[in-house]
Every structure is written in C-alpha cells, then in structure tokens.
Amino acid sequence: MPAPVQPGFFQAAAGNYGYPTPPGIPTNAGPEAPLNAFPQMTPFEKMFQQHRVEKNGLWTYRGTNAGKKYFLSMEALFARYQNPGGALIGNVGTESYLHMVEDELVDATDQDTYDQYNENTGLPYFDQQHFNRIPKLNAPGVRLRWGWTNDDDSGFEVTGWWITQANSSWSAIENSTHKPNPANQGIMDILLSPPNYLDPAGTGVVSSIPGVTTAEVNTVLQNELMNLGGLPLDDGTLNGVTVPYDLDFRVKSISQAWGTNATWMSTPIVDKKSLKVRGLAGARYMQVREGFSFVGRDSGLLYSDATNIAGIRPDLKLFSKPTGTDENQDGIVDNAGVVEDDSTGGGTTGTSTAFFAAPVDPVTGQAVQPYTTWVNSSVQTHLAGPEVGFQFDLGGDKFKIWGQTKVGIMANQEQIKLNGDNVGMGIRADPDDVDRPKALIDPTPGNPNPNAFSSTQNHSHVSPLFEQSIFMEMAIFDKVPVLKRMKMLEEAKFKMGYTYIVAGEIARPYDSIRWQGMPTRGLFPSIEVDRQSWSVGTWSVGIDWLY
C-alpha cells in the first residue's frame, strides 16, 4: 500500500496503472505561499533583549544576537619601581665621623681646618650616605589580557604581567674628587695582600716590594686612599661610631615584581551613548622581590701629615679638603695624609710626605689588615586576596578612553633575609681600650670568618592595595599603508596607557635592619622589621584584538 498522504502536501494524480505517487512537494512551497518552518527553530529565539525605562520616563529597547565578544591584548611595559627613598645607610642617631675625630683632627691641623669641614657641606669627610643616591629603578616588562564581554556588556578578564629585575647601583668613587690611578694598581694589589706591609713597631710604611722605594709606596698610598663614605653603627656606646672606608664604598638595589588577576565585570551601572561605568570584583596574586647590598673596603690604616705627627692618633684618617684641585702641585689631587695649602701663594706650602700606620694589637702583636665590610638584605613578598572597583569606558569603536580603579585587601606572606661580614670599626686593635675598644674578631684557621652573621624571618599579615589604570585605544591600523593589508590587524586597535600599583605595609630591605656593629661584644646587624609602602608605575604600548 502507498504511504498515507500527510496534511498540507500535494499528491500527483494516479496514472493509468498502479497506485498514486508518494507524497512530494509541500503545498505551501510556492513563492506566494506562507512559511511553515515548524518544527524548525526560530532564528530569533536566542536574541538578547533589554527593556528599560530611562530617566525621562520613556521605554527603550535594545536587542542583539552577537553573543560573546572576545578580546586579547599584548603590551610592552616600561616600569619604574619605587626607589629606596632618603633613608640613612646605617644607624640613625650615630654621630658623624667628623665629630667623632674632632679632637684628633684639630690636634693634627688646627681649628680652622675642622671648621671648614664642619660648616661647608660641600667638603665631605667620610660623610654618612643615604639611599636616595641610588639612581632610578627602571625596567621593561610585558602584560597579557584576555577575556570577553556578553550581550548585556557584562564580562570577564584575566590579566598577567611581568616586569624584569631592575638593578641600580651607586659608588662613592664616581662622585669623589680623588680618583684612583690605574698605574698604581699593581703596587696596591701587593700592598693590600698579607703579610702586612707596615712596620709592626708603628714607624710607618716599609717597602718590601723589589724595585719600589718606601717613598714611592708613600706616594702611591697618598693617591689611592680616598675620602669616600662612612657607615654609622650602634656599637653599644652612647654616640656610636661611623666607620670610614678609604678604598671602596658602594651600594646596589634590585627590584622585581609580577602578578596576575581575574576580574568579573557587571552590567553597566551607567550606560549612556558614549559613557559606560561597570562594577568590578575579582582576585589577585602578586609577588614583589627587593634587595640591597652594601660593600665597603678599608685599608685598616690611620694616617696624618708627617710634619705634625705625634704618634698614631686614634681613628684619624687625615685628608686634604676635597676641592678637586692640586693645591701643592705634587701631581695628586686631594692627598691622603697630607693637608694641601696654597694660602701663601705659589702652591708650594704644605708637605708631600704622609705618615701611614696600622694599629697593633698589644696582646697578639698583629697589626690591622685591610678588610671588607659587606651586608646583603632581601625581602620576598607574596600578596593574594580579593579586590573590587569600577571600570569606565568613554568613546566609541574608533576611539575610546577607558580605565579601572581597584582596591583590595591582600594576605601578605613575607620572608626577610640578612647576612654579611666585618661590620664594625675595623681600624681599632686594642681589646682593652676603654674609649675605643677593638671591634672585629681576628680570624683563625679554624674560624676564617668570625665576624660573619646571617638571619631569616617569616611573617604573615594584611596589606592594602590600590591600582589605577587608564588606557587609550584607537583604530588606526586601517590608515597605515602597509599595516592595513595585514589580515591579523583587521580587528586590532592600537593601545597605550599607564598603570600605577601601590601596596601598603610592605617590609622594605632598606628599612628593616638594625645597624649594630661590635662583634667582639656580640653585636651584629639584625632584622628589625619596618614596613612602608611599595609602588610601581608602568607606561604601556600594545595591540588589542577583538574576535
């Protein structure tokens, strides 16, 4: 039997033989027939519709069937980390080296010489230094951003950024008027190597270098020893000590940061023709690494003018005023151990001979050797927690300015490390001296680093965080002759902007040190947490794709 005829279908008439033909063409398939799409799905079923009443009381309607719009941006970052600031390198409240040796300096010269140093800030005398001498901490980086927006303008995004490590250093030699002479380095390498190059009886320099006279060694030391900087320390006394360094004084700072965050965007709170404001809520993880190092090298010598010397004056390293000129015309600018003077004219007054000596331990008979002080401090901070804020979009498809403001409360997990060696007044040798006791412990074969120290601390607390960003997007690639033919740039926009992140209650390696220095009495630098704000600002240039 033939198949039964379905309603609404045309059936051809039967021929001369057999049964009627099977069902064929729908009767409403003609050009003038009404559409009968059942049971197919309507093309309008998934259309997004938005109905609302504006402030003028009129209903508005918006509909779209576009679905999610995905975006991806890649940006190059040009960042500047927050500098260490103006904190003092060393212990706050310790008297300066100049005040510490006031009596000795006056005895070796006169009151007028001391007053010129004391009253003229342009004449440093192993001055205490501050961290603001470190140059700016600049570093490049990269940022990726991916997400989507829905038909109702809500959305989601994930952002990740990474900034390379910034290294910035400062050396007192660079700013010194007294520069080392490369021609003297061969002799200095021998002089600074054990055994000690001084007469243990304290009569001054005695040359043991073949072909080099004592006078030549004296001249080399006058040129190579420099008035660089002082490290103030708490040595357990009322005023503390400022340790002078005459061979090297330098500091280095490093910073690095990276982070990621996920953000949900609400439907617009404000939705105008060219302005949208949306709420934000999300979570963030960020890591900050900071560190600094200090290196100071000292000859271990005390020195003064040979015409005025009356034995070794405690702690005194006599220098000509750092004027940057050769007043006595001996070929050395700002001599060590010599007070240059041209007050009588002709530039020939003063002496060209200095007296260099090392303090000697009366118990062991061992003279002070050249030594190097170094301190490393580092902090690794992990921040994680929720954040909220808002985003504004101003403009249209061709040109838009938009930005985000976020605040968050972060769980802060930090690790602080501190280590170093030889922090103390190394030019003192007498352990029984009441006023100026020996500070550094003599090394032995069994303990070659008796003045070394190391400590680590871990802390957990809460840190507030604030981020402000503003960007500009422009559809300009279709205007550039070569770029407009690149298919990958058809839906791309040029993007540039600035982002500023600041976090509070961050332990900084510069501020979290208790600067103690008297190893012979058990005083070593230690961790003393001092939390400050930390920030980074980044300019960015990149491309934003829609797909």
Side-chain angles (χ1 to χ4, degrees), residues 88-109 113-133 170-180 221-235 237 239-251 294-305 312-324 333-340 354 356-359 368 370-375 422-428 436 439-440 515 517:
L88 179 70
I89 305 174
N91 183 62
V92 177
T94 294
E95 67 176 347
S96 67
Y97 176 78
L98 178 62
H99 290 165
M100 188 177 68
V101 299
E102 176 180 357
D103 294 338
E104 288 73 22
L105 180 59
V106 172
D107 288 343
T109 56
T113 300
Y114 172 81
D115 291 340
Q116 290 184 65
Y117 280 112
N118 190 42
E119 297 171 2
N120 189 343
T121 57
L123 298 177
Y125 203 151
F126 292 107
D127 282 1
Q128 302 172 359
Q129 306 295 337
H130 295 76
F131 283 107
N132 55 12
R133 288 190 174 275
W170 174 82
S171 172
I173 297 177
E174 297 175 0
N175 292 346
S176 175
T177 60
H178 189 156
K179 302 295 185 182
L221 291 175
Q222 289 185 53
N223 198 108
E224 298 305 309
L225 301 180
M226 295 167 285
N227 174 8
L228 297 178
L231 178 65
L233 299 173
D234 174 10
D235 66 344
T237 63
N239 297 318
V241 294
T242 294
V243 181
Y245 294 95
D246 56 15
L247 293 175
D248 197 5
F249 188 103
R250 50 193 164 94
V251 289
F294 164 78
V295 175
R297 296 179 62 225
D298 189 75
S299 64
L301 298 177
L302 301 177
Y303 35 94
S304 185
D305 193 314
I312 298 178
R313 291 187 171 90
D315 298 338
L316 180 62
K317 295 175 181 285
L318 181 66
F319 269 94
S320 295
K321 293 182 288 293
T323 59
V333 175
D334 301 335
N335 301 57
V338 170
V339 178
E340 296 179 302
F356 297 91
V368 172
Y371 67 97
T372 299
T373 299
W374 61 273
V375 177
N422 291 329
V423 178
M425 196 68 167
I427 53 178
R428 294 176 178 174
R436 292 178 167 90
L440 298 182
W515 289 93

S.K.: If you compare all heavy atoms of V295 against all heavy atoms of T372, which two are closest, and at what distance to 0.1 Å?
M.R.: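 Taking every non-hydrogen atom into account, CG1-CG2, 4.1 Å.
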S.K.: Applying side-chain contact (heavy atoms from CB on, under 4.5 Å), can you list everything that pairs with D315, at least two apart in sequence or on another chain?
M.R.: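 Counting only residues at least two positions away or on another chain, D315 forms a side-chain contact (heavy atoms from CB on, under 4.5 Å) with M100, V101, M425, I427, R428, R436.
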S.K.: To the nearest 0.5 angstrom, please state how far the OG atom of S96 sits from the CD atom of Q128.
M.R.: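 Reported value, rounded in 0.5 Å steps: 6.5 Å.
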S.K.: Taking the side chain as every heavy atom from C-beta outward, state whether H99 and N118 have any pair of such atoms under 4.5 Å apart.
M.R.: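 Yes, their side chains come closer than 4.5 Å.
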S.K.: Is the backbone N or O of T242 less than 3.5 Å from a side-chain atom of E95, with the two atoms forming a donor-acceptor pair by type?
M.R.: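 Side chain of E95 to backbone of T242: no pair is present.
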S.K.: Can you list the residues that meet the side chain to side chain donor-acceptor pair (under 3.5 Å) rule with S176, with sequence neighbours excluded?
M.R.: none
S.K.: Do V241 and Y97 touch side chain to side chain, with heavy atoms closer than 4.5 Å?
M.R.: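 No, too far: nothing below the 4.5 Å cut-off.
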S.K.: Determine the minimum heavy-atom distance between L302 and P359, stating which atoms define it.
M.R.: CD1-CG, 3.7 Å
S.K.: Is there a donor-acceptor contact under 3.5 Å from the side chain of N227 to the main chain of F126?
M.R.: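 Yes; at least one donor-acceptor contact below 3.5 Å.
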S.K.: Going by side-chain contact (heavy atoms from CB on, under 4.5 Å), name the residues that satisfy it together with S171, two or more places apart in sequence or in a different chain.
M.R.: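 S171: side-chain contact (heavy atoms from CB on, under 4.5 Å) contacts with I173, E174, D248, R250.
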S.K.: Looking at residues at least two apart in the chain, or sitting in another chain, which of them share a side chain to side chain donor-acceptor pair (under 3.5 Å) with D103?
M.R.: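 None.
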S.K.: Could you tell me which residues satisfy side-chain contact (heavy atoms from CB on, under 4.5 Å) with H130, sequence neighbours excluded, listed by chain and number?
M.R.: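 Per chain and number, H130 pairs via side-chain contact (heavy atoms from CB on, under 4.5 Å) with L88, N132.
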S.K.: State, yes or no, whether a side-chain contact exists between P322 and H178 at a heavy-atom distance under 4.5 Å.
M.R.: no
S.K.: Do Y117 side-chain atoms and K321 backbone N/O form a donor-acceptor pair below 3.5 Å?
M.R.: yes
S.K.: Just jot down the salt bridge (Lys or Arg N to Asp or Glu O under 4.0 Å) partners of D246, sequence neighbours excluded, or say none.
M.R.: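 Per chain and number, D246 pairs via salt bridge (Lys or Arg N to Asp or Glu O under 4.0 Å) with K317.
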S.K.: Got P180 and M226 here, is their nearest side-chain heavy-atom distance under 4.5 Å?
M.R.: yes
S.K.: With sequence neighbours excluded, what pairs up with Y245 under the ring-ring contact (aromatic ring centres under 6.0 Å, His included) test?
M.R.: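 Here the qualifying residues are F294.
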S.K.: Does S320 have any side chain to side chain donor-acceptor pair (under 3.5 Å) partners at least two apart in sequence or in another chain, and if so, which?
M.R.: none
S.K.: Check whether any side-chain heavy atom of V243 lies under 4.5 Å from a side-chain heavy atom of T373, and answer yes or no.
M.R.: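 Side-chain contact under 4.5 Å: no.
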S.K.: Would you call W515 and V375 a side-chain contact if the rule is heavy atoms closer than 4.5 Å?
M.R.: yes
S.K.: When you measure from the side chain of N335 to the backbone N and O of G337, does any donor-acceptor pair fall under 3.5 Å?
M.R.: no
S.K.: Looking at every heavy atom in both L225 and F319, which two are closest together, and how far apart are they?
M.R.: O-CE2, 3.4 Å
S.K.: Between the main-chain N or O of Y125 and the side-chain N or O of D127, is there a donor-acceptor pair closer than 3.5 Å?
M.R.: yes
S.K.: Any idea which heavy atoms bring S304 and A108 closest together, and the distance?
M.R.: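 Minimum heavy-atom separation between S304 and A108: OG-CB, 3.7 Å.
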S.K.: Checking D334 side chain against G324 main chain: does a donor-acceptor pair fall under 3.5 Å?
M.R.: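 Confirmed, D334 side chain pairs with G324 backbone.
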S.K.: Which residues pass the side-chain contact (heavy atoms from CB on, under 4.5 Å) test with L440, sequence neighbours left out?
M.R.: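 Result, side-chain contact (heavy atoms from CB on, under 4.5 Å) vs L440: Y371, N422, N451, P519.
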S.K.: Would you say W170 and Q129 make side-chain contact, with heavy atoms under 4.5 Å?
M.R.: yes
S.K.: Enter the distance from N239:CG to D234:CG here, rounded to the nearest 0.5 Å.
M.R.: 11.0 Å
S.K.: Do R133 and V251 touch side chain to side chain, with heavy atoms closer than 4.5 Å?
M.R.: no
S.K.: Under the rule for side chain to side chain donor-acceptor pair (under 3.5 Å), what residues qualify as partners of N91, not counting sequence neighbours?
M.R.: T94
